[in-house]
Amino acid sequence: MRTSASFEIKYLQYLDEKAKPANDLPDFAKDPKILIQLYKDMQFVRILDKRTVALQRIGKMHTYPASLGQEAVGVGSGSSLQEGDVLIPYYRGTATMIAKGIKPHEILQYWGGDERGSDYKDKNCKEDFPIAVPIATQMLHAAGVATAIKLRKQKGRAVLTEIGEGGTSEGEFYEALNVAGVWDLPLVFIINNNQWAISVPTELQTRAETFAQKGIAAGIECLQVDGNDVIAVKDATTRALDKARTGGGPTVIEAICYRLSDHTTADDASRYNDPKVHEDAWKKEPIKRLQDYLLASGGALAEELESAEEECKALVEKEIQIYLKFMEEDHQPPEAMFDYLFAELPERTRVQRDEAIRRGSK
Amino acid sequence: MRTSASFEIKYLQYLDEKAKPANDLPDFAKDPKILIQLYKDMQFVRILDKRTVALQRIGKMHTYPASLGQEAVGVGSGSSLQEGDVLIPYYRGTATMIAKGIKPHEILQYWGGDERGSDYKDKNCKEDFPIAVPIATQMLHAAGVATAIKLRKQKGRAVLTEIGEGGTSEGEFYEALNVAGVWDLPLVFIINNNQWAISVPTELQTRAETFAQKGIAAGIECLQVDGNDVIAVKDATTRALDKARTGGGPTVIEAICYRLSDHTTADDASRYNDPKVHEDAWKKEPIKRLQDYLLASGGALAEELESAEEECKALVEKEIQIYLKFMEEDHQPPEAMFDYLFAELPERTRVQRDEAIRRGSK
Amino acid sequence: MATLTLIEAVTLAMEHELARDKDVVLLGEDVGLNGGVFRATDGLQEKFGVDRVIDTPLAEAMIAGLSVGMAGQGMKPVAEMQFMGFVFPAFNQIATAAARMRNRTRGRLSMPLVFRMPYGGGIHAPEHHSESTEALFAHLPGLRVVIPSNPSRAYGLLLAAIRDPDPVIFLEPKRIYRIEKHEIEDDGEAYPLDTCFIDREGDDITLVSWGAMMHETLKAADKLSEDGISAEVIDVATISPLDSATILDSVEKTGRCVVIQEAPRAGGIASEIAAEIAEKGLLSLLAPVCRVAGYDTIMPYARMEGQYMPSVERITDEVQKVMQFK
Amino acid sequence: MATLTLIEAVTLAMEHELARDKDVVLLGEDVGLNGGVFRATDGLQEKFGVDRVIDTPLAEAMIAGLSVGMAGQGMKPVAEMQFMGFVFPAFNQIATAAARMRNRTRGRLSMPLVFRMPYGGGIHAPEHHSESTEALFAHLPGLRVVIPSNPSRAYGLLLAAIRDPDPVIFLEPKRIYRIEKHEIEDDGEAYPLDTCFIDREGDDITLVSWGAMMHETLKAADKLSEDGISAEVIDVATISPLDSATILDSVEKTGRCVVIQEAPRAGGIASEIAAEIAEKGLLSLLAPVCRVAGYDTIMPYARMEGQYMPSVERITDEVQKVMQFK
Ligand SMILES: Cc1ncc(C[n+]2csc(CCOP(=O)(O)OP(=O)(O)O)c2C)c(N)n1
Ligand SMILES: Cc1ncc(C[n+]2csc(CCOP(=O)(O)OP(=O)(O)O)c2C)c(N)n1
Ligand SMILES: [Mg+2]
Ligand SMILES: [Mg+2]
């Protein structure tokens, strides 16, 4: 039998599990300032998550999906975005969204149950899509945005979208990969492989040895990165985005990490996970990894990192306060239910709008 | 970067384009009787198709999809099925269906617009699914049937399903592959790559170098075969089915052929295809290929093949006559619209049934 | 005899059928070890094993399509869609395959399957987790669409759904999963899938509802009785095929009808019921048939959902209007 | 001025908008060189190039999801679903994304897109090619659902649909694609998307329909006038959001109404219209509001479809019954 095609999946890691450089670091990572910024961005999300979960426990937040353990995936990819790029996030995209410029309090408003959280105010985020809850639908939106960019021959723009490894079982995921391939779209797909889809482990999700190889089905470049190594994630994403911006087409990046939190605040992971595995995963987590490297390499002093953490806490607190004030003081009027359905209010909805206002003002 | 996985797609061919053996033939192909039977089965379908298209032209058949040029894919795969296997066909599965035991006149009844064509009477076909028109839905039915077989630990049974290469762009196709992989289902997927999805050529369908490699996304074995070489198709399918029947899991087989007919009788391929390519494809077509080999190898004499063809014509004619008689004389009563909707007729439908009967009998 | 919530009754019915009939299997996302995100399948995998209670990959079309294939082999899959808002990827399989297989094969293959899914608002769930789109299923011929409104009915109707030889969409109003308990004997007694339940007899007006809204409706009936209005209350339960006869009989008696639904008003089941009355019960009517329904807009997120959903007050206001109609 | 069939009018409207607005693009299966399986896009790729008239891979969810993404960038995709029977894979994208984006982002992103699809029976097409499931879309808030019943309306309504800043489901009754011709001036005049058309004035009864059934309805009105019954005939055209006012006004005048639809009866648009009348027009009614509809069963294959679809005779029979009602 002759061979008609052959493929390889590469795995990219810069800092190994002991935070030792496993490869020559990419240029950006030789600049401690950049690494410290990445460290801060990760800390910020971790602290924000912790605060938000606490808010949920006291009834000031609804169901919320934390990113604990997955900060490098979001920060590494999101920080690679440039002006003009478009982000099509998924529900666990907090870190990526913040890196893009979406305000943390907007994300909180969304999870707090207010539509206005998706009306992103940052001028850089006007074209970003709101969080996609129906899994994998966002993949196709990303392909559509990338199609518009390609059809309009806009140079230097790319699209980034994310999905969980469980989401790769949905048909729409593959449909998006396929069209991105055949139309050579300026698009980067990040698969956040945090090992779990709620309670379902990867072994029950697919027989594929890697999630990256799903890209082979579409004939597009695909690779794995260590998702606990923010340098690897940022390097791979930066290169993929550059490729996309310069007409080189799409890339699939599987970032391997571990979900250290419950799936959401509505979940109890102790029902299904193995505490031993969980404990092991803590040893590989991304913030400690970068911290160890920064300290060992002399890129930062312990005090610097501590004060960076304090700084993050203060910043988080500011966002939390904006959110809490908003929730307390700023309510949508009843007519908000109707006023964004269509550009022009249809007659039948006008009547209902009047009723809602009447009832609301009672 | 280390390599985390690597893959190859093999291509299987026994008779090359000049009908010369490109490989040692598999055992079954050393028996001229078997080859002559395959020849006959292919001729049967080609003649049946021709007659059916002619019936459509004179108003005795509705839209019909011929298999011209694709007879080896259907016959090679269908003839590998054994008692106990289940077939989940697609709309261009005529050859496979007939090989399975579904009566040609039943297939004609279906396309002639009568539901009873899917009430297969052969005892071997009682579990086979009707033709799936909504593309790719059948892939998941096949996975479901295979799941039942696996859950019930039924040994020696396998499922065969088919899809066009265009259909591989539908999400449900990948979902089926993925679950077949992770549950190790006794299931063989045939991708009939006839180069066209109506007017859309493969270059506009996917960037993947092969359709077979779509199986890599699911971590399942996949290969390409020459779909104009009935020996290759039968050999690959037989082995895949055997593997499935003995607990070895699923396989994806891409059979490369060419659609020599219009998409259906409602299509006009001259609007979009290149006559030159079409002409070239005729040189590789499967019936001539086997015929040349049989004659060159001394497996059959020209007269034998001619009389085999005559025999087929007579058999086809018999089926056509059954069909025509059925269409003339055998009509479903109005209540047939209602009587198979539920096991028990709901009240609202009973009233409507009465009305339909009253109107039908006027 | 156990005292059970609606969701516990759902679990009990599945457990009963898993034990009784080896062809019954449960499948869905997180239904195994995790017992489902609402715990409907809690403990069942442990009891019946991974071959009877199956965690699937994350793909709803796949869950539905697999169920169709399994049903084609005579198995009786009871598949969970995690939330009704995520059933749309499966719509193709439900509409083109599950609902049609018996008819397409003239009875050769049947589809004894159930698609269960939690639905409806009121629990401050995230976006897409609170919709009520039962009408979409009810318009597809070949499906039964069943909605329990209390624990006993959840048990009896789910048993019936699993045993029914045809596809059943079983919608679970998640807001009332744990709102009340019933004494339920696990006697395997199924309820009929073709008759409405008359939950309260009355003379002045017929209130028709189903699912979680039955609770608002019954509360409204209480309030109305304080004002001397005697409401007959009907729980439709099986919204398709609809048992119009019971509703028409009641309206013949009362002469007035208000239909209450959580779903958007336009094209909902309430419209179908009103249309049936307008066609077959016109002469009984003393007043317009009115609908109290969700507004024709997207279900708001948690903060505003309370303003969207029909309240007891909206029901009683409407009834008062109807009663005063001349 | 050209004399055009309905499908030619569809082509002309798309051509007009492609020429007028560079953000308009067509996409779908076989819409390019092949011009679509019904030739709706015939010649347009040649005229406007492969970047404006785009052959997609075979995947409806993808076509819809791409359109959502493109619309998010301000493009105006006009996507073809080859047949309405194949729209179900796209249902998820239509319901959860297209219909909601403006609302979800409080107006930041809008969805100026159109999903066109041929629908309905009567052309002896294969299985799944003949259904009428317009009611499924009409129940989803955030969509406009538009159905032309003749060439002029196809032109005027499709122009409006493409220009509308919100998602429009544009359903083309394929049975009447080539049944009649109209003189159409390519003047770019769009029709309103919020008003029914009164096609014939009358005093005795209001007949309401849309799409291909308008032809049966108008024929029925002719027959009825021979019997001295003067029917007012309304083409709903935009079935969602529904213009109830025009229908209610007419019923106020005539006192009687029959609604005619090809789709299965239960939960169809006819039910919504009847419900509106039962709620807001009761006092005008001299007789029950009746529905002539497809039966509540699966659309039969070609041989029997004629027995399924509402005929002129079924309409006139029903009208006679309504007229004789006392
Ligand atoms: C279409 C759809 N089906 C089901 C769900 C419910 N659900 C939310 S998250 C989740 C698991 C997702 O796992 P994965 O894709 O790995 O992402 P992770 O949450 O691990 O980041 C499920 C089943 C959904 N949101 N959308
Ligand atoms: C879900 C769905 N979408 C669209 C169609 C219409 N359609 C019928 S055949 C066809 C092309 C299929 O091409 P391919 O899968 O390559 O199979 P082939 O016809 O070439 O055998 C299309 C688009 C359909 N039947 N089902
Ligand atoms: Mg995950
Ligand atoms: Mg093909």
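Per chain, numbering begins at 1; letters A, B, ... match sequence-line order. Predicted model only: the values in this text are computed from it and were never measured.
With a threshold of 4.5 angstrom between heavy atoms, C:H128 approaches chain A through side-chain atoms but not through N, CA, C or O. Contacts of A:I135 with chain C are made by side-chain atoms alone, with heavy-atom separations under 4.5 Å and no backbone atom involved. For A:P65, no part lies under 4.5 angstrom from a heavy atom of chain C. Proximity to chain A is limited to the side chain of C:F86, based on heavy atoms less than 4.5 angstrom apart. In this structure, chain A has heavy atoms under 4.5 Å from both the backbone and the side chain of C:Y308. The parts of C:R314 that come within reach of chain A are both its backbone and its side chain, each placing non-hydrogen atoms under 4.5 angstrom from that chain.
Using a 4.5 Å heavy-atom threshold, the side chains of A:Q352 and C:R265 count as touching. With contacts defined as side-chain heavy-atom distances shorter than 4.5 Å, the pair C:L33/A:R271 does not qualify. Using a 4.5 Å heavy-atom cutoff, the side chains of A:E355 and C:Y295 are in contact. A:I198 is listed as a side-chain neighbour of C:Q82, based on a closest heavy-atom distance under 4.5 Å. Side-chain atoms of A:V200 and C:L58, non-hydrogen and from C-beta on, never get closer than 4.5 Å to each other.
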Side chain to side chain contact (heavy atoms under 4.5 Å, CB included) assessment of A:H331 paired with C:M304: CA-CA 9 Å; A:H331 293 270; C:M304 286 186 80; over 6 Å; no
Intermediate values then yes/no, side chain to side chain contact (heavy atoms under 4.5 Å, CB included), C:Y301 and A:H62: CA-CA 10 Å; C:Y301 299 177; A:H62 297 301; over 6 Å; no
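Without hydrogens or angle criteria, C:R303 side chain to A:M327 main chain gives a donor-acceptor distance under 3.5 Å. Side chain of C:T297 to backbone of A:M337: a donor-acceptor contact under 3.5 angstrom is found. No side-chain donor-acceptor contact under 3.5 Å links A:E115 to the backbone of C:P300. Not a single donor-acceptor pair under 3.5 Å links the side chain of C:Q307 to the backbone N or O of A:G360.
Note: C:E60 leads C:E60, C:H129, C:E29 in heavy-atom pairs under 4.5 Å with chain A.
Summarising the local packing, CD of C:E226 is surrounded by more than 12 heavy atoms from other residues, nucleotides or ligands at distances under 6.0 Å. Applying the 6.0 Å contact sphere to CD of C:E46 captures no more than 12 heavy atoms from other residues, nucleotides or ligands.
A side-chain donor-acceptor contact under 3.5 Å links C:D30 and A:S199.
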